Amino acid sequence: MNEEKKPEEMSFEESLEELNRMVDLLEKGDLDLDQSIEIYEKAVVLRDRCRSILEDSERRVEKLIETAEGIKKEDLILQ
């Protein structure tokens, strides 16, 4: 994983790039079981980070569209 930043500090693009790198490592099959599990666990964190960013972006766009159409709707916060 990107050692310079924690997943929660990474942009969507950085997270996705790192996630793709990890998938490539796992697909090669050159890792032992412990290494594979460690990378898989880190990949899940990055996947969740990407999903969170996308969901937040979707809510923001939805709010902008509804505001532009004259419909005021509170931004939903998903936990």
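Note that this is a predicted model, so its numbers are computed, not measured. Throughout, numbering of the chain's residues begins at 1 and tracks the sequence.
Around atom CD of Glu58, no more than 12 heavy atoms belonging to other residues, nucleotides or ligands sit under 6.0 Å away. Counting non-hydrogen atoms of other residues, nucleotides and ligands closer than 6.0 Å to CD of Glu17 gives a total of 12 or fewer.
With respect to Lys42 and Glu38, a salt bridge is recorded, a charged nitrogen being found less than 4.0 Å from a carboxylate O. Taking a cutoff of 4.0 Å between a charged side-chain nitrogen and a carboxylate oxygen, Asp24 and Arg21 do not qualify as a salt bridge.
In plain terms, the two heavy atoms of Phe12 and Leu54 that are nearest each other are CE1-CG, 3.7 Å. Across all non-hydrogen atoms, the minimal contact from Pro7 to Ser15 is O-OG, 4.3 Å.
Between Ser11 and Glu14 there is a side-chain heavy-atom pair separated by less than 4.5 Å. With contacts defined as side-chain heavy-atom distances shorter than 4.5 Å, the pair Glu41/Ile37 qualifies.
For the pair Glu55 (side chain) and Ser52 (backbone), a donor-acceptor distance under 3.5 Å is absent.
Residues Met10 and Ile39 share a hydrophobic cluster, clusters being chains of Ile/Leu/Val/Met/Phe/Trp/Tyr side chains in contact below 4.5 Å. Under the 4.5 Å side-chain heavy-atom criterion for ILVMFWY residues, no single connected hydrophobic cluster contains both Val23 and Leu16. Note on Leu26: it clusters hydrophobically with Leu46, by side-chain heavy-atom contacts below 4.5 Å among ILVMFWY residues. Under a hydrophobic clustering in which Ile, Leu, Val, Met, Phe, Trp and Tyr are joined whenever their side-chain heavy atoms come within less than 4.5 Å, directly or via other members, Leu25 and Leu19 fall into the same cluster.
The distance from the OG atom of Ser36 to the CE atom of Met22 is 12.0 Å, given to the nearest 0.5 Å.
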